[in-house]
Amino acid sequence: MEHMETLKALGLFDARVPRYTSYPTAAVFSPDTGASFQSTALATLDPKDPVSVYIHIPFCERLCWFCACHTQGTKTLGPVESYIETLEAELEMVRATLPSGLEMGSLHWGGGTPTILPPALIHRLVRAIRRVFPPADVFDFSVEIDPTMVDRAKIDALAAEGMTRASIGIQDFDPEVQQAIGRLQPFDVTRACVEDLRAAGISSLNTDLVYGLPHQTLARIEDTIDKVLTFAPDRVALFGYAHVPWVSKRQKLIDEDALPGDLSRYHLARRAGERFVEAGLTAIGIDHFARPGDDLSKALEAGRLRRNFQGYTADSCQTLIGLGASSISRLPGGYVQNAPATAAYKQRIAEGVFPGSRGYRMTHDDHLRARAIEQLMCTFALDLDDLSREFGPRACELLPCLNEMAARFAPFTELTGRRITIAPEGRSLTRMIASVLDQHVPDGVRYSRAS
Ligand SMILES: C[S@@+](CC[C@H](N)C(=O)[O-])C[C@H]1O[C@@H](n2cnc3c(N)ncnc32)[C@H](O)[C@@H]1O
Ligand code: SF4
């Protein structure tokens, strides 16, 4: 309780800061960096370095009220089929631009709901991707799956195409919580999906859970965790509910009076985290857990853990090529985001122009700060001597930031020379502490809460 009061006094419950899945964040992207930056950056990639590929499928059969992802509802397959055609055209545009010999080290399908694709479209999309990006010897293929929007035939199609990890959305199993977030998902349906995935030979399973949902209580989240543990997940992502109705209009359907208060939300996160650690999972960064033998745990142990748009990753590729509406690419010179609206994205591809509509060119200082923020978010420590091996003596320019972190967050940080560490009881402050390094907090942008 004593810690709680100090965390509160430091502003944990009031702060609104980015999740730092990138630095700078998408809020600072500008239309000055778009299609021409994208095509030049793709053309000048070094073919010796494998890339990660992200494909965005912005369709769902149902639209859950709590969801802040970029997606749209559809009851028919017409728009989905037409979108796959556009993705094929975008892939062809990219193929004609890339240097030859480039390989793909990892592939992720996200959304929306990629498993809205029937088997024939799954095979067609994989073929189109492989034509452009042959898989490297070490290759990882993960797919976000809504257990209510998948069947054995789709899972078999994905498995046949080399899916290595399935990430299933759960959020919470309690019927009242599900009702309040507009997402009905019976436990039996989810269990059947897990059984189908295991039977298809998928050895890596991630489950997404959310704390801070309406009507959630400690007893309810513990019951959800008991059920999730019966699946023996290899990874768990435990996200804090981001209530941002000014961005995601469907969240206006959420009853704000039913949302847990600051204190309850804090205890939900803490208890859930403790349960996963008690169950033998390793805590990874601020919101993931992984089985000790899982790649994420190995990456943490070896100092190779990274952070990208999906959260934490063991993926070592420096370049991420995002395809589809709203996808963000991380290229050597900066970020570029495809047109977010599906219609605008399709229009650009139909006109034969690259779909990048806004982005950001990174300076040397941005690269340094991005790496520093990533190090803090992954290890709860920042060591300027480590950074100087990658960035040279300029890494020491961040020393005033370390001094500021130590002064502002004194009870929970320890500064020794040029290394700062965050104490375990202060880890809920990590995003706030990382924001001290952020030189790009734009005016008028409202982020989700820090806790
Ligand atoms: C694209 S969705 C999941 C895939 C699939 N459509 C499903 O529903 O199972 C990705 C994940 O983002 C998380 N998410 C979405 N909206 C969120 C919000 N407002 N706050 C926190 N996490 C959220 C959820 O955990 C969700 O499973
Ligand atoms: S949680 Fe999944 S199914 Fe629900 S709206 Fe978001 S992307 Fe679609």
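Note that these values count all heavy atoms, side chains included, but never hydrogens, waters or copies made by symmetry. Read the numbers this way: they start at 1 and go in the same order the structure lists the ligands and their atoms.
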Asks: Side chain or backbone of Gln251 under 4.0 Å from ligand 1, or both, or neither, by non-hydrogen atoms?
Replies: side chain
Asks: If you count the atoms of ligand 2 from 1 in the order shown, which ones are under 4.0 Å from a heavy atom of Phe66?
Replies: 1 (S)
Asks: Look at atom 3 (C) of ligand 1 and say which protein heavy atom is nearest, naming residue and atom and giving the distance to 0.1 Å.
Replies: Glu144 OE1, 4.1 Å
Asks: Is the centre of the Tyr345 ring less than 6.0 Å from the centre of the Tyr83 ring?
Replies: yes
Asks: A cation-pi test, strictly: NZ or CZ of Arg330 under 6.0 Å from the centre of the six-membered ring of Tyr335 and no more than 45 degrees from its axis. Yes or no?
Replies: no
Asks: Please list the nearest protein heavy atom to atom 21 (C) of ligand 1 with its residue and the distance rounded to 0.1 Å.
Replies: Gly240 O, 3.4 Å
Asks: Step through it carefully: locate the ring centre of Tyr211, locate the ring centre of Tyr241, and say whether they are under 6.0 Å apart.
Replies: no
Asks: Pick one of side chain, backbone, both or neither for how Phe239 approaches ligand 1, counting any non-hydrogen atom pair under 4.0 Å.
Replies: side chain
Asks: Output yes when Arg165 and Asp234 qualify as a salt bridge under the 4.0 Å nitrogen-oxygen rule, no when they do not.
Replies: no
Asks: Using a cut-off of 2.8 Å, how many protein N, O or S atoms lie below it in distance from atom 8 (Fe) of ligand 2?
Replies: 1
Asks: May I ask you to identify, for Arg183, whether its side chain, its backbone, both or neither come under 4.0 Å of ligand 2 on a heavy-atom basis?
Replies: side chain
Asks: Is there a salt bridge (Lys or Arg N to Asp or Glu O under 4.0 Å) between Asp156 and Arg152 once you walk through the steps?
Replies: CA-CA 6 Å; Asp156 285 346; Arg152 184 63 199 256; 2.9 Å; yes
Asks: So for ligand 1, is Val210 a polar contact partner (N or O within less than 3.5 Å, distance only)?
Replies: no
